[in-house]
2 protein chains.
Amino acid sequence: MISKTCGYAIRGIVFLSLEQNKSTKHGILEIAEDLQIPQHFLGKILQDLVRRGIISSIKGPHGGFFVNAKTKDTPLIEVVEAIDGLGIFKKCFLGREECSSINPCPLHDEFDGCRSAIFKTFENLKIADLVTKIENGDSYLSLSNDFATEI
Amino acid sequence: MISKTCGYAIRGIVFLSLEQNKSTKHGILEIAEDLQIPQHFLGKILQDLVRRGIISSIKGPHGGFFVNAKTKDTPLIEVVEAIDGLGIFKKCFLGREECSSINPCPLHDEFDGCRSAIFKTFENLKIADLVTKIENGDSYLSLSNDFATEI
DNA sequence: AGAAAAAAAGAGTCTTTTATCTTTATTTAA
DNA sequence: TTAAATAAAGATAAAAGACTCTTTTTTTCT
């Protein structure tokens, strides 16, 4: 659905927004290692998010990426729009150039409900909501050590 | 969700299954032009489907692709499995290597319902169902002439 | 001022998906 | 039995997505 890149973006923002991370800046190396995402690739993604104002950064010693006043209230759809664009919600399931309710493909109506449900979920969910889930222990950003060491 | 290639496959099968096409063989050029899909690319896709027994083909003059006894009862999930594989229903929304209900990402539960709804729809829908929609004029395989000429 | 740390930017690579072009194999019909 | 039609196969290319490596810029600290 959303690209891998966009998933990385969301995970990066949520990482910075976790309670114990909020007060500090975090270098790209640290973030990438913790989330197991290629360092320079994640770097570019976070730079995009800084340009959009979703997170902030400072260069130089003791610099790094960090949350700003806006971060936790950012709806996920804003991140999706920044990285993938909203066009992903309009693509025809069967690969036709155009597909809409006035000229639908045979799967259009079948999946239109799901598609708008997904869209609405991205509209309604904010970064803060994902943070809460993680702090409650209901979900995880990276494969938890518990699972990693159990192998 | 499903790849463009998979969409092409479904459209190709449905094209052959339309009532007025059932009794005849259709060359790849005709199918590709009608559906506006790159000819040789669609050729390879249909060849896959022939190997899977979902459609049939005959070489030589008057040869072409055509439906067989199985075609119209083929559930869409079988086509998806043939082209994309069922792995597409397990990929993590946030790009983690593993994601499941015992080690979910913060979006896992949000979208699990949609994901299984989509899976079930692909299980339940058969090629025949899509054919019916088109014959009823409820949906279209290619951009209809009506729309094309209105531009 | 100079060295070091860190993000930012630039450029290049690898992989996958999508698409094209060419050749081969099979079948039909004249 | 040869020519033509057609699917099948092979090889290559173009585009997009994901990832890497190198250089530059900014900032801090000594």
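All chains are named by letter (A, B, ...) in the order of the sequence lines, taking the proteins before the strands, and each is independently numbered beginning at 1.
Nearest heavy atoms, A:His26 versus A:Thr24: CD2-O, 3.4 Å.
Residues B:Phe89 and B:Val80 are in side-chain contact: their nearest non-hydrogen atoms beyond the backbone lie under 4.5 Å apart.
For NZ of B:Lys22, the number of neighbouring non-hydrogen atoms (other residues, nucleotides, ligands) closer than 6.0 Å is greater than 12.
In this structure, the ring of B:Phe15 has its center no less than 6.0 angstrom from the ring center of B:Tyr8.
The side chain of B:His40 lies closest to C:dT22, out of C:dT22, D:dT20, D:dA8.
Distance B:Gln39 CD to D:dA5 C1': 13 Å, rounded to the nearest Å. Per the geometry, CD belonging to B:Gln36 stands 16 Å off C1' belonging to C:dA19, to the nearest Å. Whole-Å rounding puts the A:Ile45 CD1 to D:dT20 P distance at 11 Å. Following rounding to the nearest Å, B:Glu33 (CD) and C:dA19 (P) show an atom-to-atom distance of 16 Å.
Note on A:Arg51: a side-chain N or O is less than 4.0 Å away from OP1 or OP2 of C:dA9. Between B:Ser57 and the phosphate of D:dT6, there is no side-chain N or O to OP1/OP2 separation shorter than 4.0 Å.
Residue A:Gly64 is in sugar-phosphate contact alone, with no base atom involved, counting any heavy-atom pair closer than 4.0 Å across all strands shown. A:Leu29 comes within 4.0 angstrom of nothing in the nucleic acid, heavy atoms only.
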Anything under 3.5 Å between a protein N or O and an N or O of nucleotides 25-30 of chain D, put it in a table, one pair a line.
| from | atom 1 | to | atom 2 | distance (Å) |
| --- | --- | --- | --- | --- |
| D:dT26 | O4' | A:Lys59 | NZ | 3.4 |

Which atoms of nucleotides 17-19 of chain D (N or O only) lie under 3.5 Å from a protein N or O atom, and what are those distances?
| from | atom 1 | to | atom 2 | distance (Å) |
| --- | --- | --- | --- | --- |
| D:dA18 | OP1 | A:Lys4 | N | 3.3 |
| D:dA18 | OP2 | A:Thr5 | OG1 | 2.7 |
| D:dC19 | OP1 | A:Lys4 | NZ | 3.3 |
| D:dC19 | OP2 | A:Tyr8 | OH | 2.9 |

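Ion pairing between B:Asp129 and B:Lys126 fails under the 4.0 Å rule for side-chain N and carboxylate O.
Rounded to 10 degrees, the angle separating the terminal axes of the helix from C:dA1-D:dT30 to C:dA30-D:dT1 is 10°, with each axis obtained from five end pairs.
No hydrogens or angles considered: a donor-acceptor pair under 3.5 Å links the side chains of B:Asn68 and B:Thr71.
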